[in-house]
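Keep in mind it's a predicted model, so treat the numbers as computed, not measured. Below, all heavy atoms of this structure are taken into account, side chains as well, without hydrogens, waters or symmetry copies.
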Amino acid sequence: MNESSGAPGLILLAAGEGTRMGGPKALLRYADGTALLTRQVERMSVAAESRGLSANIIVVLGPAVAEASRLLPAGVRVVENRNHTDGLSTSLSAGLRAVPCTASGAVVSLLDLPDIPAEAYGRLLDSITPDTLARAHWNSRPGHPVAIGREHFAEAIHSASGDEGLRAMLGRHQVNVIKCADLLPPELDGHFDVDTPEAAACRGLHLDGLHS
């Protein structure tokens, strides 16, 4: 086994302040009390386990880190991003640096994309080799999750800036297309994000104290 042949990491970026939401999105819950954070991590775990892989899940948190951490299953690694106000790129860098050195790469996604199913993470896991770059496409539009092979970690960390995340780096390379639109019914969309209370309500989500 070479040094980059281990199970890929699964990184969930969840450190946003939620300014438009009115509070940290890591604390969003469904009507039954289940946290969006919990559900997203469960999907990642299902994807890894369905492929016989260890679920090497890393969650990057910012505000309310103590409260949000309690929503996570045992075994999930929490990375606190104290520089989260400097943009999404700081969370991406923190997450990539936390991936075990034996991992062949990582699959990265965002907390506030509630429609992404477990199998989308699975398809990106299937695509990873140390030199891979790949991303999910939803109805022919690129989105998340994104797969980053180990050989691209250093470039991803150093090229990320502000809220641009991986955009600049992906624009410089050939990126494999992983079609995922077939995984969702017509009323759902892998690009749908919950940035406001109104958008959250469309998916049955709320922050405690903000729902009617």
Side-chain angles (χ1 to χ4, degrees), residues 8-29 35-41 44 56-72 76-101 103 105-114 116 121 124 133-136 141-173 175 190-200 205 207-208 210:
L10 286 149
I11 302 173
L12 187 66
L13 305 183
E17 285 190 283
T19 303
R20 296 173 63 200
M21 182 64 66
K25 286 183 274 188
L27 303 181
L28 282 166
R29 292 181 182 270
L36 174 62
L37 182 62
T38 306
R39 191 162 293 178
Q40 294 282 45
V41 167
M44 288 180 159
N56 295 325
I57 299 173
I58 298 162
V59 176
V60 183
L61 296 172
V65 62
E67 188 175 354
S69 294
R70 290 194 290 270
L71 302 172
L72 294 169
V76 173
R77 181 174 180 183
V78 172
V79 175
E80 182 179 4
N81 178 15
R82 297 184 179 181
N83 299 314
H84 60 87
T85 57
D86 292 333
L88 180 67
S89 62
T90 61
S91 291
L92 173 64
S93 296
L96 289 174
R97 288 190 174 102
V99 175
C101 62
V107 173
V108 181
S109 196
L110 309 179
L111 170 68
D112 59 1
L113 299 172
I116 293 178
Y121 296 113
L124 272 294
L133 287 172
R135 71 186 307 178
R141 293 171 54 211
H144 286 82
V146 177
I148 309 170
R150 164 67 65 180
E151 294 176 12
H152 295 284
F153 276 21
E155 182 183 0
I157 290 168
H158 290 109
S159 67
S161 176
D163 282 323
E164 286 296 301
L166 291 165
R167 190 176 305 164
M169 187 192 78
L170 295 176
R172 292 193 293 268
H173 295 275
V175 180
H191 289 287
F192 185 86
D193 61 354
V194 288
D195 277 342
T196 65
E198 294 77 16
L205 290 158
L207 286 174
D208 286 341
L210 294 184

Heavy-atom pair with the smallest gap, counting every atom of [X] and [Y]:
X    : Y   : result
A14  : A26 : O-CB, 3.9 Å
L207 : G22 : CD1-C, 4.0 Å
L13  : S91 : CD2-O, 3.6 Å
V79  : A94 : CG1-CB, 4.0 Å

I'd like to know if the side chain of [X] reaches the main chain of [Y], judged simply by a donor and an acceptor atom lying under 3.5 Å from each other, with no hydrogens or angles considered.
X    : Y    : value
T90  : N83  : yes
H152 : M169 : no
T196 : R20  : no

Side chain to side chain contact (heavy atoms under 4.5 Å, CB included) assessment of M44 paired with V107: CA-CA 9 Å; M44 288 180 159; V107 173; 5.9 Å; no
With rounding to the nearest 0.5 Å, note down the distance linking [atom1] in [X] to [atom2] in [Y].
X    : Y    : atom1 : atom2 : result
L71  : L61  : CG    : CG    : 9.0 Å
T38  : L72  : OG1   : CG    : 6.5 Å
D195 : M21  : CG    : CE    : 6.5 Å
S109 : I11  : OG    : CD1   : 10.5 Å
F153 : L92  : CZ    : CG    : 9.5 Å
L166 : L133 : CG    : CG    : 8.5 Å

Heavy atoms from other residues, nucleotides or ligands near CZ of R39 exceed 12 (cutoff 6.0 Å):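 Yes, CZ of R39 has more than 12 neighbouring heavy atoms, counting only those of other groups under 6.0 Å.
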So do [Y] and [X] actually touch side chain to side chain, heavy atoms under 4.5 Å?
X    : Y    : result
D193 : L110 : no
L96  : I58  : no
E17  : P24  : no
V99  : R150 : yes

Stepwise side chain to side chain contact (heavy atoms under 4.5 Å, CB included) test for L12 and I57: CA-CA 8 Å; L12 187 66; I57 299 173; 5.6 Å; no
side-chain hydrogen bond (donor to acceptor under 3.5 Å, both in side chains) against E155, all qualifying residues, sequence neighbours excluded: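 Applying side-chain hydrogen bond (donor to acceptor under 3.5 Å, both in side chains) to E155 gives R172, H173.
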side-chain hydrogen bond (donor to acceptor under 3.5 Å, both in side chains) against D112, all qualifying residues, sequence neighbours excluded: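 D112 satisfies side-chain hydrogen bond (donor to acceptor under 3.5 Å, both in side chains) with K25 only.
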Step-by-step side chain to side chain contact (heavy atoms under 4.5 Å, CB included) determination, L124 to V108: CA-CA 9 Å; L124 272 294; V108 181; over 6 Å; no
